[in-house]
Amino acid sequence: MRMRRKKNLDQRISNCNEMLAIVEGDDFYTIPQEQRVKIKTSKDLFGNDNRLVVEIGCGKGQFSVKYATLNPTTNLLAVEKLSNVIVEACEKAHQSGLKNLLFANCGAENLPLFLPAHSVSEILINFPCPYPKKTYANRRVTHPNYLKKFQHLLTENGVVRLKTDNLPYFEYSLEQMQQFGFKLLKSHSYVDVSPSDNIMTEYETKFVSQHMPIYYAYLQL
């Protein structure tokens with residue numbers, strides 16, 4: 001079911017517009033491809049050369065704000081396609097006053113149109129939609145269609161960190177990523193007790209309260 005449009009959405013986005021570094025725009029798919037490309041380096045976005053980390057599917061921003069707070073010398077670009085969702089993340093970040101956190105209101109598949117090749121140190125994938133039907137496999141962010149683009153973005157020895165509550169999706173992702181050339185560095189799971197260095201998302205907080213297992217993997221190019 002489609003999410004109901006939030007009241008005063010346009011005004012709310014306008015109030016924290018400086019947090020939105022990248023916006024696809026309503027005409028993104030109707031204009032010529034060469035006009036869609038708007039490459040911005042980490043320095044263009046943040047005004048410094050600190051390493052760039054990208055979070056795919058940031059939701060309402062709980063993880064994004066905590067991560068940026070704990071990693072002040074890392075630039076975090078948090079990606080969320082839905083304006084209805086990203087507005088809450090932008091508001092949280094705006095209130096926090098963080099200078100190392102910005103947002104991209106776009107599809108993850110379009111990131112190479114906005115970021116330079118081999119400019120991203122890490123890609124964080126937190127609780128993506130598993131699209132369990134095989135006919136929807138190409139929509140999974142760990143499908144080879146996406147992995148090819150992530151490979152384009154990542155620096156040499158760049159890392160992907162995956163976290164999910166869905167074991168079949170987790171197993172599928174590990175298989176696809178290793179076949180694509182990613183080396184598995186670490187894989188583990190937990191129930192109830194979160195690792196000390198873990199930052200929980202909104203979904204994760206909910207799943208942990210329901211005693212559901214959480215699966216992690218760290219992979220490197």
Side-chain angles (χ1 to χ4, degrees), residues 1-7 9 12 53-71 74 76-96 98 101 103-105 107-109 122-143 146-147 150 159-178 182 184-219:
M1 184 173 65
R2 180 173 293 182
M3 182 183 296
R4 180 179 297 177
R5 180 180 173 85
K6 284 184 166 59
K7 187 177 180 179
L9 177 61
R12 289 173 65 183
V53 172
V54 168
E55 178 191 1
I56 304 296
C58 68
K60 297 178 182 178
Q62 175 175 304
F63 175 94
S64 312
V65 170
K66 187 68 178 293
Y67 182 95
T69 301
L70 294 176
N71 297 275
T74 294
L76 177 63
L77 181 66
V79 181
E80 174 59 56
K81 188 170 186 176
L82 300 177
S83 300
N84 225 23
V85 176
I86 203 171
V87 64
E88 295 191 39
C90 290
E91 288 172 340
K92 286 186 179 77
H94 181 69
Q95 292 169 7
S96 73
L98 292 163
L101 171 60
F103 294 87
N105 189 188
E109 69 275 12
E122 291 188 25
I123 293 176
L124 312 176
I125 305 175
N126 293 323
F127 298 92
C129 180
Y131 290 107
K133 291 184 179 180
K134 290 184 179 181
T135 53
Y136 290 163
N138 63 351
R139 301 186 187 184
R140 299 169 187 163
V141 294
T142 49
H143 184 275
Y146 283 88
L147 296 178
F150 295 162
V159 171
V160 172
R161 300 180 186 264
L162 171 68
K163 187 160 48 170
T164 179
D165 63 301
N166 189 296
L167 181 56
Y169 178 81
F170 185 70
E171 293 173 339
Y172 164 88
S173 299
L174 294 189
E175 179 182 359
Q176 294 298 317
M177 295 178 75
Q178 290 180 93
F182 286 86
L184 182 62
L185 299 180
K186 187 176 182 181
S187 174
H188 64 281
S189 64
Y190 81 86
V191 179
D192 295 334
V193 181
S194 172
S196 59
D197 62 345
N198 181 43
I199 301 172
M200 290 203 289
T201 71
E202 291 92 350
Y203 279 119
E204 187 172 1
T205 301
K206 175 183 176 180
F207 296 149
V208 168
S209 71
Q210 297 172 350
H211 311 293
M212 295 172 62
I214 307 298
Y215 305 95
Y216 288 82
Y218 304 158
L219 302 100

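Any value given below was found using the heavy atoms of this structure, including those in side chains, with hydrogens, waters and symmetry copies removed. Note that the coordinates shown come from a computational prediction; the quantities given were computed from them, not determined experimentally.
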Subject >> Derivation of the side chain to side chain contact (heavy atoms under 4.5 Å, CB included) call for Arg12 and Glu88 >> reply: CA-CA 9 Å; Arg12 289 173 65 183; Glu88 295 191 39; 3.8 Å; yes
Return the minimal non-hydrogen interatomic distance between [X] and [Y], and the atom names on each side.
| X | Y | value |
| --- | --- | --- |
| Val53 | Thr74 | CG2-CG2, 3.5 Å |
| Leu9 | Ser83 | CD1-O, 3.7 Å |
| Pro195 | His188 | CG-NE2, 4.2 Å |
| Thr135 | Asn138 | O-OD1, 4.2 Å |

**OP:** Taking atom OH of Tyr190 as the centre, report whether more than 12 heavy atoms of other residues, nucleotides or ligands fall under 6.0 Å from it.
**Re:**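 For Tyr190, atom OH is crowded (more than 12 foreign heavy atoms under 6.0 Å).
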Subject >> More than 12 heavy atoms of other groups within 6.0 Å of Tyr67 OH >> reply: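 Yes, the 6.0 Å shell around OH holds more than 12 heavy atoms from other groups.
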I need the [X] [atom1] to [Y] [atom2] distance, nearest 0.5 Å.
| X | Y | atom1 | atom2 | result |
| --- | --- | --- | --- | --- |
| Arg161 | Leu185 | CZ | CG | 8.5 Å |
| His94 | Phe103 | NE2 | CZ | 12.0 Å |
| Lys66 | Ser96 | NZ | OG | 13.0 Å |
| Cys58 | Leu124 | SG | CG | 11.0 Å |
| Asn126 | Met200 | CG | CE | 12.0 Å |
| Ile123 | Leu162 | CD1 | CG | 12.0 Å |

Original post:
Could you give all pairs that pass the salt bridge (charged side-chain N to carboxylate O under 4.0 Å, His left out) test and reach residues 192-211, with sequence neighbours left out?
Top reply: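 Only Lys163-Glu204 qualify under salt bridge (charged side-chain N to carboxylate O under 4.0 Å, His left out).
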Quick one: does [X]'s side chain get under 4.5 Å of [Y]'s, heavy atoms only?
| X | Y | value |
| --- | --- | --- |
| Asn71 | Leu76 | no |
| Phe127 | Ile214 | yes |
| Leu101 | Ser64 | yes |
| Phe182 | Gln176 | no |
| Lys81 | Glu109 | yes |
| Thr164 | Ser173 | no |
| Pro130 | Tyr172 | no |
| Ile125 | Phe150 | yes |

Original post:
Sequence neighbours excluded, which residues qualify as side chain to side chain contact (heavy atoms under 4.5 Å, CB included) partners of Ser189?
Top reply: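 Tyr215.
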Original post:
Taking atom types as modelled and ignoring hydrogens, do the side chains of Thr205 and Gln62 form a donor-acceptor contact shorter than 3.5 angstrom?
Top reply: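 Gln62 and Thr205 do have a side-chain donor-acceptor pair below 3.5 Å.
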Original post:
Is there a donor in the side chain of Tyr169 and an acceptor in the side chain of Thr142, or the other way round, less than 3.5 Å apart?
Top reply: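 Their side chains do contain a donor-acceptor pair, which is all the 3.5 Å distance test asks for.
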**OP:** Determine, stepwise, if the pair Val65 / Thr69 fulfils side chain to side chain contact (heavy atoms under 4.5 Å, CB included).
**Re:** CA-CA 6 Å; Val65 170; Thr69 301; 4.2 Å; yes
